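Predicted model, so just to flag it, every value in this text is computed and none were measured. Excluded from the calculations below are hydrogen atoms, water molecules and symmetry mates; all remaining heavy atoms, backbone and side chain alike, are included.
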Amino acid sequence: MTVAENVEVAAVGMGLSRRKARVLVSEILGQLGISDLADKIAGTLPYTDERRVGIARALVTSPAFILLDEPAAGMSGHECEHLMEIIVRIPKDYRCGVLLIEHNMAVIMGVCDRIQVLDGGRTLAKGTPAEMRRDQTVISAYLGSEV
């Protein structure tokens with residue numbers, strides 16, 4: 001399927017007519033900056049574009065929350081910056097909360113208002129990015145000494 005069809009299937013699956021789904025898909029692809037991919041076969045896309053199509057597929061269902069599990073894995077710094085712009089806009093544009101699981105600390109610190117740091121399933125710390133930058137347990141476990 002094409003990117004547009006791939007996202008449209010999720011919208012139709014949630015009960016939208018195909019006509020309404022197409023309009024919504026077009027809007028979301030535009031907001032995510034991937035309108036130019038609409039007619040491309042989804043399975044042929046580079047990894048970073050696949051991630052954005054997955055986000056579009058989730059957003060088209062009008063969720064209360066979206067779970068993003070390691071969305072920046074394997075992305076370059078520039079690709080991460082673009083992803084961060086998308087993630088920051090989701091709550092504003094879609095009235096949708098974001099639960100982000102990510103090891104890229106630049107992404108976490110750049111997009112999150114609140115952070116819960118886990119290690120082996122145990123909570124190490126909770127707080128704002130500024131608080132996490134000062135937390136010695138978090139620094140030792142994830143950030144290293146060069147913060």
Side-chain angles (χ1 to χ4, degrees), residues 1-14 16 21 24-147:
M1 291 191 298
T2 66
V3 167
E5 291 167 339
N6 203 289
V7 179
E8 183 181 330
V9 162
V12 171
M14 295 300 292
L16 288 180
L24 182 59
V25 168
S26 179
E27 289 172 9
I28 290 176
L29 293 181
Q31 290 167 342
L32 297 182
I34 56 174
S35 292
D36 59 321
L37 303 178
D39 296 325
K40 296 200 183 293
I41 300 299
T44 65
L45 297 176
Y47 175 75
T48 56
D49 291 335
E50 285 180 0
R51 297 304 289 218
R52 292 188 293 170
V53 172
I55 292 170
R57 203 172 31 248
L59 291 173
V60 80
T61 67
S62 300
F65 273 87
I66 184 173
L67 169 63
L68 300 176
D69 187 8
E70 298 285 342
M75 290 187 179
S76 69
H78 176 72
E79 292 165 334
C80 283
E81 288 174 20
H82 183 69
L83 175 68
M84 289 167 60
E85 292 169 8
I86 290 170
I87 294 170
V88 167
R89 286 194 333 256
I90 290 173
K92 298 170 191 159
D93 293 351
Y94 299 95
R95 297 178 190 224
C96 172
V98 177
L99 177 59
L100 178 62
I101 300 167
E102 182 60 64
H103 283 90
N104 183 323
M105 298 314 314
V107 172
I108 291 292
M109 295 299 191
V111 302
C112 295
D113 296 324
R114 301 278 307 154
I115 299 170
Q116 181 166 353
V117 180
L118 302 175
D119 185 27
R122 184 177 62 87
T123 296
L124 293 181
K126 295 180 196 178
T128 66
E131 291 168 334
M132 295 304 98
R133 283 186 184 95
R134 293 187 305 266
D135 187 295
Q136 289 304 310
T137 308
V138 173
I139 292 169
S140 295
Y142 284 98
L143 301 177
S145 58
E146 298 295 319
V147 178

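- When all heavy atoms are compared, the tightest approach of Gly127 to Met132 is N-CE, 3.5 Å.
- Side chain of Glu8 to main chain of Val25: no donor-acceptor pair is present (N/O by atom type, distance under 3.5 Å, no hydrogens or angles).
- Shortest non-hydrogen contact noted between Tyr94 and Leu59 is CE1-CD1, 3.7 Å.
- To the nearest 0.5 Å, atom CD of residue Gln31 and atom OG of residue Ser26 are 9.5 Å apart.
- For the residue pair Ala73 and Tyr47, the shortest heavy atom distance occurs at O-CE2, 2.7 Å.
- Side-chain atoms of Leu45 and Val3, non-hydrogen and from C-beta on, do get closer than 4.5 Å to each other.
- Counting heavy atoms from C-beta on, the side chains of Arg57 and Val9 never come closer than 4.5 Å.
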Do Ile55 and Ile90 pass the side chain to side chain contact (heavy atoms under 4.5 Å, CB included) test, and can you show the C-alpha distance, the side-chain angles, and the key distance before you say yes or no?
CA-CA 10 Å; Ile55 292 170; Ile90 290 173; 4.2 Å; yes
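- The shortest distance between side-chain heavy atoms of Val117 and Thr137 does not fall below 4.5 Å.
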Is there a side chain to side chain contact (heavy atoms under 4.5 Å, CB included) between Val98 and Ile87 once you walk through the steps?
CA-CA 8 Å; Val98 177; Ile87 294 170; 4.1 Å; yes
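- In this structure, Leu37 CG and Arg52 CZ are separated by 6.5 Å, a value rounded to the nearest 0.5 Å.
- Here CZ of Arg51 is found 8.0 Å from CD of Glu70. Values are rounded to the nearest 0.5 Å.
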Any chance you could lay out the side chain to side chain contact (heavy atoms under 4.5 Å, CB included) test for Thr2 and Ile41, step after step, and finish with the verdict?
CA-CA 4 Å; Thr2 66; Ile41 300 299; 4.3 Å; yes
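- Within a 6.0 Å sphere centred on CZ of Arg114, other residues, nucleotides and ligands contribute more than 12 heavy atoms.
- Side-chain contact between Ile66 and Leu99 is absent, with no heavy-atom pair separated by less than 4.5 Å.
- Minimum heavy-atom separation, Asp36 to Lys40: O-CE, 4.3 Å.
- Rounding to the nearest 0.5 Å places NZ of Lys92 at 9.5 Å from CZ of Arg89.
- Closest of all the heavy-atom pairs between Pro129 and Cys112 is CG-O, 3.1 Å.
- With rounding to the nearest 0.5 angstrom, the OG1 atom of Thr128 is 8.5 Å from the CZ atom of Arg133.
- Atom CE of Met84 is separated from atom CD1 of Ile108 by 9.5 Å, given to the nearest 0.5 angstrom.
- The shortest non-hydrogen separation linking Asn104 to Cys80 is ND2-SG, 3.6 Å.
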